[in-house]
Enquirer: 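Handing you this structure, nothing more for now.
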2 protein chains.
Amino acid sequence: MSQLSGTATGGGGENLLFLTDEQLRKGIEAMFFAYRGFTADPDRILETMDYGRAHHRAVHFIHRSPGTTVSNLLGILGVTKQSLNRVLRTLIDDGHVRSEKGRRDGRERHLFLTEKGEAMEKSLSDAQRARMRAAYRAAGPVAVQGFRQVLEAMMDPGLRDYYNRLRDGA
Amino acid sequence: MSQLSGTATGGGGENLLFLTDEQLRKGIEAMFFAYRGFTADPDRILETMDYGRAHHRAVHFIHRSPGTTVSNLLGILGVTKQSLNRVLRTLIDDGHVRSEKGRRDGRERHLFLTEKGEAMEKSLSDAQRARMRAAYRAAGPVAVQGFRQVLEAMMDPGLRDYYNRLRDGA
DNA sequence: AATTTACGTCAGCCTTGTTGACTTTCCAAG
DNA sequence: CTTGGAAAGTCAACAAGGCTGACGTAAATT
C-alpha cells in the first residue's frame, strides 16, 4: 500500500479519489456480509415451510409482475427451465401459484399468486422489508441514494434492463 | 401509492422521508440483481478450474487474514466444518492452500495461500475489483459512502463485528 | 486423570443448479 | 395446409455445496 493514502481522513478512510484495492476489498466484503443479512430473515421463514430461496425468488417476481410468463421468469432468474419448473411445480401443487394458459398465445403460461400465495409472499417480504427499512433509516436518505446508484452500476447490462423495466412498471 | 409522493423530484423519485414499500422493493431487487453481477466475473473464472463460489470465499478470507484458523473461518463463512473441510481439502490437495499446525496451540491449523494460491486469488479478485471499481467510478465518491453505510446497516450484528474486525486489520 | 476443544473424516441426505432428450401445443410463414 | 420453430412440461442423470450425526485423534485445560 502506497504512503499516499496516509493522507486520507484517519478513521474512516473516505478519500475515494483514488480507488485503492483496500477500499475495493472493503466494498466486496460489505457486499458479502450484507447479502447474508439480506436473505437471513426470509430464509428462516422459508425453512418452516419446506421451501428455499429459489421459491422465494419465483414468488417475488410473480407477485411483482402478475401474469408474467415462464420464459420471462427464466430470463429474470437466470436458471434453466428444468430448474425453474421443479420449483414452480411445487408452488402450483401447494396452491401458492396459479398457471393460466395464454389467451393471445396459447403456448404461454401466465403465472399468478393465489390468495394463499399472496399471503406467503407478504410474510416473506414483510420480513425482508423490515430489515431494509431499518438499514435505510439508519443510513439516511443520501446514503440510500448512493446505495442504489452503486448497485445499479454493478449490474450486468442485461439484468439492469430487466431491473429498470420492472422499476418503471412492466 | 399515495399522491403525496407526487411532489418528489420527477425522474428519480428520491424522496425518502417516508420509506414506501415501493422504494423498499426497489432496493431489494437492486440487491438481487447487483449480487448477480458481483459474483458473475469470478464465477466464470472459477468454472474453468473446477472450483465454485465456496472455494472463492475460503481463498478470499485466507488471503485477507493469512494464518487464520479453521474455526475462525467457520465463523466468518457460516457453514459447517464438514462443508468447509470438503472445500479446504481440495484447495490443499491442489496446492493452493497450506495448512500449518499451530505452535502455540497445537490443535489449531493455520491456513495460508501458497504462491499458486495467491496467484489464483489475484486473478479472482482482479476480476471482482474491476467491476467494483467501475461501479464506484460511475456512481462517485458520495454514492460509495452511502453504499457502504447501507450495507453495514443491513448486516447481522455478529457479522458486522467480523466485518469491522477485518476492516481494522485483524 | 478426566474433560474439553479443534480438527478431520465417513456416511447419508436435501436443495438447487446443470445437460440432454423427448413430447405437446400452438403460432406463423411458406 | 403444411411445416418450422417457439413455449412449455417432463424424465433422467449428475454435481456442487449445504446439512446432520457419529466417531476418532491430538492437544490443551481443569
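Just so we're on the same page: letters track the sequence lines, and every chain starts at 1. These values consider heavy atoms only, across backbone and side chains, with no hydrogens, waters or symmetry-generated copies. In this text, all values refer to a predicted model and were calculated from it rather than measured experimentally.
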Enquirer: Is any side-chain nitrogen or oxygen of A:Arg89 closer than 4.0 Å to OP1 or OP2 of D:dG9?
Expert: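 The answer is no; no side-chain N or O of A:Arg89 sits under 4.0 Å from OP1 or OP2.
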
Enquirer: Rounded to the nearest angstrom, tell me the gap between atom CZ in A:Arg86 and atom C1' in C:dG17.
Expert: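 The distance from CZ of A:Arg86 to C1' of C:dG17 comes to 7 Å, rounded to the nearest Å.
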
Enquirer: Between A:Leu88 (CG) and D:dA7 (P), how many Å, whole number?
Expert: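 Rounded to the whole Å, the gap is 16 Å.
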
Enquirer: Would you mind reading off the distance between B:Leu74 atom CG and C:dC7 atom P, rounded to a whole angstrom?
Expert: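 Distance, rounded to whole Å: 7 Å.
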
Enquirer: Answer yes or no: is there an ion pair linking B:Arg25 with B:Glu22, defined by an N-O contact shorter than 4.0 Å?
Expert: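 Yes, charged N to carboxylate O under 4.0 Å.
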
Enquirer: Between B:Ser71 and C:dC7, is there a contact of a side-chain N or O with OP1 or OP2 at under 4.0 Å?
Expert: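 For B:Ser71, the contact criterion (side-chain N or O under 4.0 Å from OP1 or OP2 of C:dC7) is met.
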
Enquirer: What integer distance in Å separates B:Glu108:CD from C:dT5:P?
Expert: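 Going from CD in B:Glu108 over to P in C:dT5 covers 13 Å.
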
Enquirer: For B:Arg86, what residues pass the side chain to side chain donor-acceptor pair (under 3.5 Å) criterion, not counting sequence neighbours?
Expert: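 Here no residue qualifies.
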
Enquirer: Ignoring hydrogens and angles, answer whether the base of D:dA6 and the side-chain atoms of A:Arg107 contain a donor-acceptor pair closer than 3.5 Å.
Expert: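 Between D:dA6 and A:Arg107, which were checked side chain against base, a qualifying N/O pair under 3.5 Å is present.
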
Enquirer: Considering only NZ, NE, NH1 and NH2 on the basic side and carboxylate oxygens on the acidic side, decide whether B:Glu118 and B:Lys122 come within less than 4.0 Å.
Expert: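 Here B:Glu118 does not pair with B:Lys122 in a salt bridge, since their nearest N and O are not under 4.0 Å apart.
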
Enquirer: Nearest to the B:Gln82 side chain among C:dT18, D:dG21, D:dA26, which nucleotide is it?
Expert: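 So the nucleotide nearest the side chain must be D:dG21.
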
Enquirer: Check every atom of C:dG17, C:dC27, D:dT10 against the side chain of A:Asp105 and return the nucleotide holding the closest atom.
Expert: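 Nearest to the side-chain atoms of A:Asp105, counting from C-beta on, is C:dC27.
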
Enquirer: With a 4.0 Å cutoff (strictly under), does any side-chain N or O of B:Arg57 reach OP1 or OP2 of D:dG18?
Expert: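 For B:Arg57, the contact criterion (side-chain N or O under 4.0 Å from OP1 or OP2 of D:dG18) is met.
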
Enquirer: Could you tell me how far apart B:Asn85 (CG) and C:dT9 (P) are, to the nearest whole angstrom?
Expert: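 Nearest whole value for this atom pair: 5 Å.
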
Enquirer: Is B:Lys101 close enough to D:dA27 that one of its side-chain N or O atoms is under 4.0 Å from OP1 or OP2 there?
Expert: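 Yes, because at least one side-chain N or O of B:Lys101 sits under 4.0 Å from OP1 or OP2 of D:dA27.
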
Enquirer: State which of D:dG18, D:dC19, C:dT18 makes the closest approach to the side chain of A:Val79.
Expert: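 The answer is C:dT18, which lies nearest to the side chain.
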
